[in-house]
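Encoded as structure tokens, the structure appears first; notes follow it.
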Amino acid sequence: MGEKFAKIKEENKILIMLAFFSISIGLWTNFKQLWLQDNQLEVGKISEILSLSGVFCVIVLIIFAKQVSLKNIKNFMTGAILIKTINLIILATLNHTPYKMLIEILIILDNVLENLIVISIYPLIITVKKENKLYSKRKLVEYLFKDVGILIGGVLIGKTIVNYIINYNICLIISILFLLLSFITIVNIKRTIIVEERNKINVKEAFKYAITNKIQRNYYQYLLFSGIAMDTGLGLKMLMLTNQLGFSDENATKYLLIVGLIADGIGIIALKYLTPKNEYLTITIKFGIRFWLYMIAWFSNDLTNCLIAMSWSILISTAYENVIDAPYVNCVPNQYQIIVTNYRYIVKIIGSSIGLYFAGLLYPLGISYNFGISAFFMIFQIRLFLLSGLFKKERRNK
């Protein structure tokens with residue numbers, strides 16, 4: 001990709017690849033639920049498919065943990081991106097065809113591949129550099145460029161270009177083009193991984209570390225309830241916006257884009273200037289305000305309050321990753337990093353799958369119920385995060 005690309009730091013090359021990948025994900029994910037609905041799948045069925053994707057992802061991650069190491073993770077990611085690209089091309093050709101079962105299978109495969117790729121990015125980065133700020137930077141790149149993908153979709157959807165109306169399937173095809181750019185980028189990243197003998201994966205040792213380390217064990221429980229709470233409330237947000245809050249698909253996209261971009265700005269500002277020294281205050285800002293807004297939305301059963309609760313939840317979503325997640329990721333020894341990362345994502349995906357299942361059950365009752373039950377699970381989420389206590393340990397060590 002030229003001499004200029006060769007001079008870029010290796011961690012930044014990975015972030016460039018992530019940027020292209022995130023644009024593709026943002027564009028496709030934003031319209032995925034509507035694409036499925038446009039292909040005559042009901043909301044309950046969509047929720048079931050997305051939830052089932054999590055189950056299959058857990059199974060694949062168990063295999064992934066045993067087979068993939070820091071030494072071969074780049075090759076694995078390259079192959080996964082290529083397979084995902086081919087899978088999306090097939091999905092695009094199946095649009096408005098009667099092959100619903102095949103569409104469901106390919107959607108599940110797409111979700112599994114997406115999770116595997118996202119999971120692999122930070123383990124690849126830590127082979128180059130490992131720090132809390134870089135973890136936050138990786139998350140911010142992911143969030144920001146997903147919003148760029150949403151922006152592209154919001155600008156194009158419904159427009160007529162060269163006698164073609166830009167619909168959900170055209171947006172899928174455009175997302176494939178960005179996925180190809182991601183593939184080209186990772187292929188041209190030089191092999192950066194130098195694996196020492198001590199960095200070889202020992203599954204039994206890593207598993208023992210994961211279940212005996214009190215901080216990690218409590219953090220896994222926090223992740224479980226975090227996933228349940230988040231996806232019970234916002235797992236079907238595009239369908240909530242269009243079907244229950246009265247947004248058109250174009251306006252729903254613009255709304256998600258605006259709050260998403262503001263959230264990216266909040267995340268960047270919070271990382272550089274507004275991270276409180278008191279971690280309890282950080283937790284209150286991150287989770288406490290969200291909890292009370294969800295409760296207000298539930299008890300009032302008012303759509304305006306529901307929209308406010310949704311907006312705040314998205315706005316604060318990118319902030320304080322350096323406090324909430326990064327310390328727990330970076331305290332894991334490098335030789336256990338891939339396996340423990342897999343355990344962490346397995347727990348998170350299980351939580352997300354449960355949340356999506358609840359979201360589908362509660363959706364017919366009205367979105368205020370989604371927020372109310374989400375708030376219930378959030379109680380356990382906050383308590384378990386406080387029990388995990390790594391920030392207390394770090395404070396004592398200062």
Side-chain angles (χ1 to χ4, degrees), residues 1-30 57 61 64 68-89 109-131 133-153 171-195 260 264 267-268 318 321 325-326 329-330 334 337-338 341-342 345:
M1 293 181 68
E3 293 182 5
K4 290 184 178 179
F5 184 82
K7 293 178 181 178
I8 299 173
K9 291 181 179 179
E10 297 304 321
E11 62 265 32
N12 290 333
K13 292 178 185 178
I14 299 169
L15 293 177
I16 291 170
M17 179 274 295
L18 174 60
F20 285 130
F21 179 77
S22 297
I23 292 172
S24 173
I25 297 304
L27 181 55
W28 168 225
T29 302
N30 187 54
C57 195
L61 279 174
F64 172 84
V68 179
S69 66
L70 293 180
K71 186 175 182 179
N72 62 19
I73 196 166
K74 183 204 162 187
N75 292 337
F76 168 81
M77 288 182 66
T78 304
I81 292 172
L82 178 60
I83 295 170
K84 179 175 169 63
T85 303
I86 296 169
N87 188 58
L88 288 183
I89 292 171
L109 176 59
D110 178 60
N111 288 343
V112 170
L113 288 168
E114 180 181 324
N115 277 295
L116 286 173
I117 295 165
V118 170
I119 288 166
S120 303
I121 289 167
Y122 194 65
L124 179 59
I125 291 175
I126 67 157
T127 62
V128 178
K129 192 175 182 180
K130 184 177 181 181
E131 66 175 20
K133 281 194 173 182
L134 184 56
Y135 179 86
S136 249
K137 186 186 291 187
R138 167 249 186 265
K139 297 293 286 187
L140 287 170
V141 167
E142 181 183 346
Y143 294 140
L144 177 60
F145 284 93
K146 275 185 180 178
D147 289 335
V148 172
I150 294 173
L151 171 61
I152 293 170
C171 288
L172 169 56
I173 292 169
I174 296 170
S175 78
I176 293 170
L177 297 178
F178 281 102
L179 196 57
L180 282 170
L181 289 174
S182 178
F183 174 75
I184 292 168
T185 305
I186 195 170
V187 165
N188 284 277
I189 294 174
K190 291 181 180 178
R191 190 175 185 83
T192 61
I193 303 168
I194 301 173
V195 181
D264 295 333
I268 293 168
T318 66
E321 297 280 355
D325 289 304
V329 176
N330 286 334
N334 274 12
Q337 188 68 235
I338 287 182
T341 295
N342 284 350
Y345 271 90

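Quick note: residue numbers are just sequence positions, from 1.
With rounding to the nearest 0.5 angstrom, the OG1 atom of Thr185 is 11.5 Å from the CZ atom of Phe178. Atom CG in Leu180 sits 5.0 Å away from atom OG1 in Thr85 (nearest 0.5 Å). Rounded to the nearest 0.5 Å, atoms CG (Asn188) and CZ (Phe183) are 9.5 Å apart. Here Ile186 contributes atom CD1 and Ile121 contributes atom CD1; the two are 8.0 Å apart, rounded to the nearest 0.5 Å. The structure places CZ of Phe145 at 11.5 Å from CG of Leu151, a figure rounded to the nearest 0.5 Å.
Considering all non-hydrogen atoms of both residues, Met17 and Ser182 come closest at O-OG, 3.3 Å. Heavy atoms only, all atoms of each residue included: Asn115 and Asn111 are closest at ND2-O, 2.9 Å. Looking at every heavy atom in both residues, Val187 comes nearest to Thr78 through CG2-CG2, 3.8 Å. Contact record, Gly153 with Cys171: CA-SG, 4.4 Å, taken as the closest heavy-atom pair.
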Between side-chain atoms of residues 19-28 and protein atoms elsewhere (two or more places apart, or another chain), which donor-acceptor pairs fall under 3.5 Å?
residue: Ser22; atom: OG; partner: Leu18; partner atom: O; Å: 2.8
residue: Ser24; atom: OG; partner: Ser175; partner atom: O; Å: 2.7
residue: Trp28; atom: NE1; partner: Asp110; partner atom: OD2; Å: 3.0

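When the side chain to side chain donor-acceptor pair (under 3.5 Å) test is applied to Asn87, no partner is found at least two apart in sequence or on another chain. Residues meeting the side chain to side chain donor-acceptor pair (under 3.5 Å) test with Glu142, sequence neighbours left out: Arg138, Lys146.
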